[in-house]
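Residue numbers begin at 1 in each chain, while the letters A, B, ... track the order of the sequences. Model, not experiment: these values are computed from the prediction.
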Amino acid sequence: MQLIAEDLVIDRGSRRIIDGLSFAVKAGEALVLTGANGIGKTTLLRTLAGFIRPFRGVIRLDGGDDELTLGEQSHVVGHTNAVKSSLSVAENAGFWNTYLDSGEDSPSRIAASLRHFGLEDLSDFPAAYLSAGQKRRLGLARLLVARRPVWLLDEPTASLDTASSERLVAAVNDHTSSGGLAVIATHLPLGLERARTLDLAAQRMAA
Amino acid sequence: MQTLTQRLANPARFMELSARLLPWISGAAGILLVSGLYLAFFASPADYQQGETVRIMYIHVPCAWLSMMVYGLIALSSFGLLVFRHPLADVSAKAAAPLGAAFTFLALLTGSLWGKPMWGTYWVWDARLTSVLILFFLYLGLMALRSALEDESAAAKLTAILALVGVTILPIIKFSVDWWNTLHQPSTDFTSTVDPSMRLPLLVMAVAFTLLFFAMHLKAMRNEILRRRVKALRTQAVAGRDRLAAQAANHGAAE
Amino acid sequence: MKSFWALLSRDVRLAVREGGAIGTALGFFLVVVSLMPLGLGPDLNLLSRIAAGVLWIALLLAALLSLNRIFEADHEDGTLDVLATGPLPLELVTAAKSLAHWITTGIPLAIMAPVLGILLNLDLAAYPILVATTLAGTPAVSFLGAIGAALTMKTRRGGLLLALIVLPLYVPTLIFGISAVSAGAGPTGLAASFLILAAISLVAIVLGPLAAAAALKVQLQ
């Protein structure tokens, strides 16, 4: 499986954000997007997820499910957590499990994903009581409640402490080692295995 | 080979063509308007029942006709934008909305002025007046939605969706208002036939108003295209400054 | 289908737990209806004659209050992005959310309407008809309202704009809702009004989710 972008041109309003970008991410690999704020990392990720239609260029997932769009095969984690305050931690994870996955052995999967992000003791509490970092972890637990081959993560370590960032890195490493792929926008060096870096600022200079 | 619509789709091409057409359409509208007004006010008879007030009809009916035609045009442009991504479709829809609202308002105003001598009051809840009033609300909604959205390309598409929803619901609204009206006042039917001596001035006025609308529409579209060009140039200028500043900073750092 | 039910039951659960929206709408309904006799005088004959109209208009205004939250909350916390990448087409996402709005707002308001009818001296015979027509008519309120909610999701002063956009679309529902309850229509007139009201709701159930999904696609860019 391989995520391919060819000669991508993306406009926002009358501004050209991305001009002639090409890259490929193979299964088992993570691509780290770097570059200053406003360089277009979020725009690029939202284009990959299918929210923004590129002005020109091709995005495709070779070896994916042809019946589904790339977005429907991706986990999308943006700046917000998609967590509902009045639902409990377990209900939040349970909803995304049913909504996204509709798959087998759900309870154990939910429990495992909460455990991975250190939320198992909080599962009965309403999410309203969680701290910013805990909410972020609950948002990230969505990555594990349903299996999807492509992860598109936008600043996933925002409001996470070092220990929690390591949990995330471990999750991404597990994902890539089991044949998934990921595109991650971040400011910080994460220490991912099998990762390549794409510097959008350098790309822009070259273009 | 480009088709005609493709060639017209090019804004530069449109500017060239509209510049050539505009004087002719405006001129024809002016001549027809003057002769229509002469026919309406001097060369046609007063009504045996309504007297001189029937002459309001020559303004009212063309405005009422345009209120509907312009909404149709907006719906058509909206369809062109959403389905064919026609670059001029949104310019057309955006330019037409205030004009349509203005003609709808004139239709309501003249209808109300006509109502005073006919019904003895400025406003009655006549089925047709009520439908036009709701149409006026739909125009207001379109304009308000567009002005509330900052991102112009999103505003264009969202307004187009609303226009298409409006055009779908409009027949249902018309039907229900008619039903409502017959329920409450069953005998206010003024669809009496128009005397042939009044038909010609009415027709001339209708054509004159339609041409007047198209002249204003073309002019408004040209203005909108120019406004967008200015905006694009300004955006470029800002981006250019940014780049210059970045280069200067790099230069400074290198030294 | 499982995703549809999951989303529907989540929205209903959220509305019940957060409670505020339903309570506010019902309270608003009560206050508006109570203001009418204060404005028009306590003449019971007059009130019973205009009761159906007052109830329907107050119901529409009360429902309008809660419309803007249909998509706004999910947009703010990023849920909408994830819903859009789920297995459910966006048209069914908007349908599920509109249906949840009807269950949590339309049905409570429809149940509340006859209770408020007492305040307006509504004719006893009109009670079952009032319940039936409000239940048949309120789906149009939720599903057409969802269009307005999706269009105004990102705007400031969205609530006022939403009212301006949506209220004209409610004209048919209002007219047939009232004409069914109004006395004197006779059994055939009543049946006709009721069937047309249901037909309008069906049109809204088809049109609303389509248009709202189209609007959300633009908003997610």
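- In terms of heavy-atom pairs under 4.5 angstrom with chain A, the leader among Leu14(C), Val218(C), Leu83(C) is Leu83(C).
- Rounded to the nearest 0.5 Å, atoms CZ (Phe95(A)) and OG1 (Thr79(C)) are 7.5 Å apart.
- Annotation: Phe55(A), atom CZ; neighbour count of heavy atoms from other residues, nucleotides and ligands within 6.0 Å does not exceed 12.
- There is no contact between Leu80(C) and chain A, counting heavy-atom distances below 4.5 Å.
- Contact of Arg53(A) with chain C is not made at all, since no heavy-atom distance falls under 4.5 Å.
- Neither the backbone nor the side chain of Val16(C) comes within less than 4.5 Å of any heavy atom in chain A.
- For Gln73(A), no part lies under 4.5 angstrom from a heavy atom of chain C.
- The two residues Glu18(C) and Ser86(A) make their nearest non-hydrogen contact at OE2-OG, 2.8 Å.
- Considering every non-hydrogen atom in both Arg148(A) and Thr85(C), the closest pair reads NH1-O, 2.8 Å.
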Residues Lys84(A), Asp74(C); criterion side chain to side chain contact (heavy atoms under 4.5 Å, CB included); working and verdict: CA-CA 9 Å; Lys84(A) 291 289 173 196; Asp74(C) 278 352; 2.6 Å; yes

Chi angles and distances behind the side chain to side chain contact (heavy atoms under 4.5 Å, CB included) call for Gln221(C), Arg12(A): CA-CA 9 Å; Gln221(C) 284 178 2; Arg12(A) 298 298 275 149; 4.3 Å; yes

Candidate pair Asp77(C) and Val83(A), rule side chain to side chain contact (heavy atoms under 4.5 Å, CB included), full reasoning: CA-CA 7 Å; Asp77(C) 65 17; Val83(A) 165; over 6 Å; no

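- Closest approach of Ala82(A) to Val82(C), counting heavy atoms only: CB-CG2, 3.9 Å.
- Within the model, atoms CG of Asp154(A) and CG of Asp81(C) stand 10.5 Å from one another, a figure rounded to the nearest 0.5 Å.
- For the pair Tyr99(A) (side chain) and Ala6(C) (backbone), a donor-acceptor distance under 3.5 Å is absent.
- For Val77(A), no part lies under 4.5 angstrom from a heavy atom of chain C.
- Within 6.0 Å of NZ in Lys26(A) there are 12 or fewer heavy atoms belonging to other residues, nucleotides or ligands.
- Here the closest non-hydrogen pair linking Lys2(C) and Thr98(A) is CE-CG2, 3.8 Å.
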